There are 2 protein chains.
Amino acid sequence: MHEQRAGAANADFVRAEETPLTERQRLILRLIVREYVATGRPVGSRSLWESSGIGVSPATIRNEMAALEERGYLEHLHTSGGRVPTDRGYRYFVAHLMGDIELPSSEQLTILHQFRQIELQLEQWIELAAATLARAAGNVSVVSAPIPQSPRLRHLELVALQPRLGLIILVTTDGAVRQVMAHWPDDADQETLSPLADSLAVALRGSTPDEIESHAVGASALARAVLDQIANALRGMTAGGAAVRHSGLEHALTQPEFSHSAEAQELLALLGGGSFVSAMLPRLEEGPGVRVFIGAENPADELRRLGIVVSTYGVDGEVVGVLGVVGPTRMAYDRSISSVRYVARLMSGLMADLRG
Amino acid sequence: MHEQRAGAANADFVRAEETPLTERQRLILRLIVREYVATGRPVGSRSLWESSGIGVSPATIRNEMAALEERGYLEHLHTSGGRVPTDRGYRYFVAHLMGDIELPSSEQLTILHQFRQIELQLEQWIELAAATLARAAGNVSVVSAPIPQSPRLRHLELVALQPRLGLIILVTTDGAVRQVMAHWPDDADQETLSPLADSLAVALRGSTPDEIESHAVGASALARAVLDQIANALRGMTAGGAAVRHSGLEHALTQPEFSHSAEAQELLALLGGGSFVSAMLPRLEEGPGVRVFIGAENPADELRRLGIVVSTYGVDGEVVGVLGVVGPTRMAYDRSISSVRYVARLMSGLMADLRG
DNA sequence: TTTAGCACTCTCTGCCCGAGAGTGCTTATG
DNA sequence: CATAAGCACTCTCGGGCAGAGAGTGCTAAA
């Protein structure tokens, strides 16, 4: 199989070396992709002829199919098993045949409504995003928590729990909140901690982790311990420590590609191991927009049988996350793309509100 | 099938109506349960004889098996398919045959070590508990976040995001932290909010939601809005709003009971729909300790083919959660019970630290 | 260029059959 | 009387086989 670049740029590559597809070939390819995505069974000339009401005979369809196969858009699993789109076929479909890619506005309203309802519970945003995305796309969804690019401190609270144990609560300029437990070097009750928190909050407002640590020189042992742990916690909010949620496994299980437990386990391992996110994070650099990876276009071997639709979300340059949909190569790319785009926009809007 | 009460009390019921099992019958029942749990295949007299090195012939084993079947501890799926324990058989095993039920101390140390490593990240406790419990028990685990019984306010922070939008951060006396977004009735910047937060923090320390609302009379519009939303958020932390995590689905998928996607989907629906927790929450009333529900002993119909091991955890009367393990009826109850017990103790210890 | 016809291939399903494993019953034995 | 041995019977599982169904490529006709 040839090297392929991801994205619409692929179209140039096709045009450069061969004549373009005829209108009828495009129609047939579109019908095959739609049919195969819907049924999961390889599609043959006769059955396509029956189900589509196309104006030409099965024999003609066969000829066109052979041409499409010749050029790498279809393939032939067994001599008499009907045809199936190749990765390249899906790619062509996504780039040229898919048509309208906005989520139906009724769907948009449903989702919006759900977000309105729990707007206030910050902790649940990611979970809700994962759940709605999975439902809208009809596939497994993966959503990372927003990751501050360069977290700065906005607020700070210290809570005494036990003589030498307490809670540090941080709020960053992005509106993210983090709570960590902390040990003090000496006993400290709430009456000691509160004034310390107040003075540190003022002194550290807008500081980066490095700047926070620089305040440690000359401070008391307690203050030094606190400063250290604040800086660490703040650092922990960047890429490495981001929480990732997935949802909609039930959609995958209904599909024949995952009906055997071995394949389902493999998918589970991918989701649990975070290899999905780590594979996609580098793409964050490429800027905003929805990216599609089909089968062998994926960077990692274990993703070769999957289709992946991802997008970043967030406020440009300040805090970004990644969200996407994963399914078998045979997936409804149009639905997935429109869902991912819509939910990404929605989350970006919410992040913008939070940034203030 | 007869009505059965859960727990060791069952033994009385058996003894009351029939003669006790002979020592050899107990041995054979134990061997059958162990063998069936390990292999998943019905166990026959010859194969049991070969694998166990027991001192009697297959024919004798057959006779004892027939006796055990007669009394409801075993059953016979097909005329020649070997025997399988019934729910009652498992129950007898759990109550009398299981023996040592402490987690091996090497396992204990491993788990403890993992908790030490992330001790500081409060948000990750539940997730870690779910992950380690699943691993230790070799089954799917479910862990609810701790649920404060009667949450009282300990600390309070207000953060301005936009003119009329902000963040309220609460810390309860149990050490739980909650962040909610809030709308103000008038524009309010950080310089307005900080003094308000300070004065409210002092005034409301130790208050219940109702008491907080009672402060609203005669307060400013802004303060009233804040008080309202604090009270609501605090109320939301009790039972209804508790987060639930599960982990270890891969263990279920390796087992033949869930190898078909239909059964796996059913399990997924149970976990996602929260019906597991809602079925088990009433048991919280019965006090601490590990509870085991085997097959038809379960309250809900959809759980009839599952074995469930649950325990509460937390600080008595103040904050409690529930955690447990779910698998096919054919599960390693001894391993599950010891794992659940150990992790529950561990979490209780952590809660006690947090309570301060 | 399109279509009809045809021979061929491959999968899938149902069926049969034999091997293997397990049971219950009957009878022998210490 | 409890245990063991022998035996006929039953049921599942896997392989082999045939026929149906679906699909293809090729050739020839419209």
Side-chain angles (χ1 to χ4, degrees), chain A residues 19 21-29 31-33 35-36 38-86 89 256-257 259-260, chain B residues 19-29 31-33 35-36 38-86 89 256-257 259-260 330:
Chain A
T19 59
L21 297 184
T22 67
E23 201 50 47
R24 191 169 65 191
Q25 285 171 333
R26 292 159 54 94
L27 170 64
I28 287 175
L29 179 54
L31 288 172
I32 291 175
V33 170
E35 180 75 8
Y36 183 57
T39 68
R41 286 191 303 269
V43 15
S45 54
R46 164 174 246 93
S47 70
L48 186 66
W49 177 69
E50 279 166 354
S51 70
S52 70
I54 196 174
V56 295
S57 76
T60 307
I61 297 178
R62 271 206 291 284
N63 289 333
E64 297 289 37
M65 280 177 160
L68 286 167
E69 179 167 359
E70 170 76 18
R71 299 174 62 173
Y73 296 104
L74 296 179
E75 71 186 331
H76 222 142
L77 265 48
H78 302 288
T79 313
S80 80
R83 258 108 171 179
V84 158
T86 60
E257 282 85 348
S259 72
H260 286 294
Chain B
T19 58
L21 297 182
T22 67
E23 202 51 47
R24 192 169 63 190
Q25 285 170 333
R26 292 160 54 96
L27 170 65
I28 287 175
L29 179 55
L31 288 172
I32 290 175
V33 170
E35 179 76 7
Y36 183 58
T39 67
R41 286 192 304 270
V43 13
S45 54
R46 165 172 243 94
S47 70
L48 186 68
W49 176 69
E50 279 167 353
S51 70
S52 71
I54 196 175
V56 294
S57 77
T60 306
I61 296 179
R62 273 205 291 284
N63 289 333
E64 297 290 35
M65 280 176 162
L68 286 167
E69 180 168 358
E70 169 77 20
R71 299 174 62 172
Y73 295 105
L74 296 178
E75 72 186 330
H76 221 144
L77 266 47
H78 302 286
T79 314
S80 79
R83 257 106 171 182
V84 158
T86 59
E257 282 85 348
S259 72
H260 286 294
R330 173 186 69 80

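Note that the coordinates shown come from a computational prediction; the quantities given were computed from them, not determined experimentally. Per chain, numbering begins at 1; letters A, B, ... match sequence-line order. Values below: every heavy atom of this structure, side chains too, minus hydrogens, waters and symmetry copies.
OP1 or OP2 of C/dA21 has not a single side-chain nitrogen or oxygen of B/Ser47 nearer than 4.0 Å. Remark: B/Thr60 is in phosphate contact with D/dA4, judged by side-chain N or O atoms under 4.0 Å from OP1 or OP2. Under 4.0 angstrom from either OP1 or OP2 of D/dA5 there lies no side-chain N or O belonging to B/Arg46.
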Taking only N/O atoms, report every protein-nucleotides 10-13 of chain C pair under 3.5 Å with atom names and distance.
from: C/dC10; atom 1: OP1; to: A/Thr79; atom 2: OG1; distance (Å): 3.4
from: C/dC10; atom 1: O2; to: A/Ser80; atom 2: OG; distance (Å): 2.9
from: C/dT11; atom 1: OP1; to: A/His78; atom 2: ND1; distance (Å): 3.3

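For the pair B/Ile61 CD1 and C/dT23 P, the interatomic distance rounds to 10 Å; values are reported in whole Å. Spacing between atom CD of B/Glu35 and atom C1' of C/dG22 amounts to 15 Å, rounded to whole angstrom units. If you measure from atom CD of A/Glu64 to atom C1' of D/dG25, you get 15 Å, rounded to the nearest angstrom. Remark: P of C/dG22 and CH2 of B/Trp49 are 12 Å apart, rounded to the nearest angstrom. Atom CG of A/Leu68 and atom P of D/dG25 are 12 Å apart (whole Å). Going from atom CD of A/Gln25 over to atom C1' of C/dT1 covers 14 Å, rounded to whole Å. Atom CD1 of B/Ile54 is separated from atom C1' of D/dT3 by 13 Å (rounded to the nearest Å).
Atoms CZ and CD, on B/Arg46 and B/Glu50 in that order, are 6.0 Å from each other to the nearest 0.5 Å. The distance from the CZ atom of A/Arg26 to the CD atom of A/Glu23 is 5.0 Å, given to the nearest 0.5 Å. Here the CD1-CD1 distance, from A/Ile54 to A/Ile61, works out to 4.5 Å after rounding to the nearest 0.5 Å.
No engagement by B/Arg41 is indicated, since no non-hydrogen atom pair under 4.0 Å with the nucleic acid exists.
Between A/Pro42 and B/Arg24, the residue whose closest nucleotide on DNA chain D is further toward the 5' end is B/Arg24. For the pair B/Gly81 and B/Val56, both in contact range of DNA chain D, the more 5′-proximal nearest nucleotide belongs to B/Val56.
Within the 4.5 Å cutoff, side-chain heavy atoms of B/Thr19 are placed close to those of B/Arg71. Residues A/Pro256 and A/Arg41 form no side-chain contact, since every pair of their non-hydrogen atoms from C-beta on lies 4.5 Å or further apart. Residues A/Leu31 and A/Val43 fail the side-chain proximity criterion, which asks for heavy atoms closer than 4.5 Å. A/Tyr73 is not listed as a side-chain neighbour of A/Ile32, based on a closest heavy-atom distance of 4.5 Å or more. Contact check for B/Glu75 versus B/Arg83: no side-chain heavy atoms found under the 4.5 Å cut-off.
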Take nucleotides 24-30 of chain C nucleotide by nucleotide from the 5' end and write B, S or -, depending on whether a protein heavy atom sits under 4.0 Å from the base, only from the sugar-phosphate, or from neither. B------
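Judged as a side-chain hydrogen bond (donor to acceptor under 3.5 Å, both in side chains), and not counting sequence neighbours, A/Glu35 has no contacts.
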